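Heads up, the thing below is written out as structure tokens.
Model, not experiment: these values are computed from the prediction. To find a chain, count down the sequence lines: A is the first, B the second, and so on, and within it residues start at 1.
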Amino acid sequence: MKIATWNVNSLKVRLPHLLQWLDTNPVDVLCIQETKLEDEKFPLMEINAAGYQVAFSGQKTYNGVAILSRLPITDVVRNNPRFEDAQQRILAATIEGVRFICAYVPNGQSVDSDKYVYKLAWLASLREWLAEELRTHADQGLAILGDYNIAPEDRDVYDPAGWGEEVLCSPKERAALTALVELGLTDSFRMFEQPEKSYSWWDYRQLGYQKNKGLRIDHILLSESLAKRCSACAIDRMPRKWTQPSDHAPVIATLD
DNA sequence: ATGGCAAGTGATACTTGA
């Protein structure tokens, strides 16, 4: 089973890229973020025609998440039931017995902003809910895939000194991510040897991609039973090279 | 040091992203 996550930065703009990518990468499950579409505008027909069922939870202009699957999807839940949130950032579903959570973690804007406070509260509540979900799904496993908006370590940042303790790299955010991992999750990317300077997002400005000025902020975290099944994880930089790309690249993991 | 770029909204300059 191949599973993947991709922040598409507007599904309206990126639908052709999504379909093209799935054509050459027919993963079984794909979690997407930042669809930026109300549910009535979701391109259901096009995605169905590509061979995927899909659950989605969107809103106008901002946020929005979806889970695409070649296999039947059941038990869809929108949002963290413990966290009252007008923003559509979480979608959970069961596929082949595995619990999948698609997450678009708040950006946080800057460490002195209200959005940063919201981000930390959001993550703390996610941890509480995940602890419960992990117990419920201990046997067949749980995978939480998405845009975490957190670079876990300095090696996940192109210029750690320059970024310092700015948002996406701050100690409190990293501690919040560590607290998720300590529930019994594994960053699938770091289970394997990887190229140095591996990133999943590059700034549109200043030739960020061409200069590989990026961050690794998109992650696939696996519960214990799924980590045992995981035989590969990689970032696919290809679609970041296409014309009018998303600023994020997909991350793919293989479960045996 | 600052702003650079992209997308959405709505028709203009703005907000947000990371």
Name all residues meeting the salt bridge (Lys or Arg N to Asp or Glu O under 4.0 Å) criterion together with [X]; count only those two or more places apart in sequence or in a different chain, and write none if there are none.
| X | answer |
| --- | --- |
| A:E38 | A:K41 |
| A:D156 | A:R190, A:R216 |
| A:E132 | A:R82 |
| A:D236 | none |

Nucleic acid contacts of [range], taken as heavy-atom distances under 4.0 Å to DNA chain B:
| range | value |
| --- | --- |
| residues 234-246 of chain A | A:Q244 |
| residues 147-171 of chain A | A:D147, A:N149, A:L168 |
| residues 195-213 of chain A | A:W201, A:Y204, A:R205, A:Q206 |

Taking [atom1] from [X] and [atom2] from [N], how many angstroms apart are they, rounded to a whole number?
| X | N | atom1 | atom2 | answer |
| --- | --- | --- | --- | --- |
| A:Y62 | B:dA18 | OH | P | 12 Å |
| A:N63 | B:dG17 | CG | P | 7 Å |
| A:Q59 | B:dG8 | CD | P | 14 Å |
| A:L11 | B:dG17 | CG | C1' | 17 Å |
| A:Y118 | B:dT16 | OH | P | 13 Å |
| A:N9 | B:dT15 | CG | C1' | 14 Å |
| A:R89 | B:dG17 | CZ | P | 7 Å |
| A:H248 | B:dA6 | NE2 | P | 15 Å |

Inter-nucleotide [atom1] distance ([N], [M]), Å rounded:
| N | M | atom1 | value |
| --- | --- | --- | --- |
| B:dC14 | B:dA18 | P | 22 Å |
| B:dT9 | B:dG4 | P | 23 Å |
| B:dG10 | B:dC5 | P | 25 Å |
| B:dG3 | B:dT12 | P | 24 Å |
| B:dA6 | B:dT2 | P | 23 Å |
| B:dT16 | B:dA1 | P | 25 Å |

Using only heavy-atom distances, determine whether the side chains of [X] and [Y] contain a donor-acceptor pair under 3.5 Å.
| X | Y | result |
| --- | --- | --- |
| A:R237 | A:Y199 | no |
| A:W201 | A:D247 | yes |
| A:N9 | A:Y204 | yes |
| A:E34 | A:Y104 | yes |
| A:T5 | A:D218 | no |

Donor-acceptor pairs are to be reported for all side-chain atoms of residues 249-256 of chain A against protein atoms at under 3.5 Å, with residues two or more places apart or in another chain.
from, atom 1, to, atom 2, distance (Å)
A:D256, OD1, A:S231, OG, 3.1
A:D256, OD2, A:S231, OG, 3.2

| request: Using a cut-off of strictly less than 4.0 Å, decide whether A:R14 has a side-chain nitrogen or oxygen near OP1 or OP2 of B:dA7. | output: yes
| task | For B:dA18, take OP1 and OP2 only and decide whether either is under 4.0 Å from a side-chain N or O of A:N107. | result | yes
| task | State, yes or no, whether a side-chain contact exists between A:W242 and A:H17 at a heavy-atom distance under 4.5 Å. | result | yes
| message | Side chains of A:I220 and A:F189, heavy atoms from C-beta outward: is any pair under 4.5 Å? | response | no
| request: For A:N7, answer base if it contacts any base atom (sugar-phosphate contacts may also be present), sugar-phosphate if it contacts only those atoms, and nothing otherwise; contact means non-hydrogen atoms under 4.0 Å. | output: sugar-phosphate
| message | Judged by each residue's nearest nucleotide on DNA chain B, which is more toward the 5′ side, A:V13 or A:Q87? | response | A:V13
| note | Contacts of A:R155 meeting side-chain hydrogen bond (donor to acceptor under 3.5 Å, both in side chains) (sequence neighbours excluded), chain-then-number -> A:E153
| field | Contacts of A:R99 that satisfy side-chain hydrogen bond (donor to acceptor under 3.5 Å, both in side chains) - sequence neighbours left out | value | A:T94, A:E133
| request: Any salt bridge (Lys or Arg N to Asp or Glu O under 4.0 Å) involving residues 200-211 of chain A? Give me the pairs, sequence neighbours left out, ordered by first then second residue. | output: A:D203-A:R205
| request: Choose from B:dG17, B:dG8, B:dT16 the nucleotide whose nearest atom is closest to any side-chain atom of A:S10. | output: B:dG8
Please write out each protein N/O paired with an N/O of nucleotides 9-13 of chain B under 3.5 Å, distance rounded to 0.1 Å.
from, atom 1, to, atom 2, distance (Å)
B:dT9, OP1, A:T61, OG1, 3.4

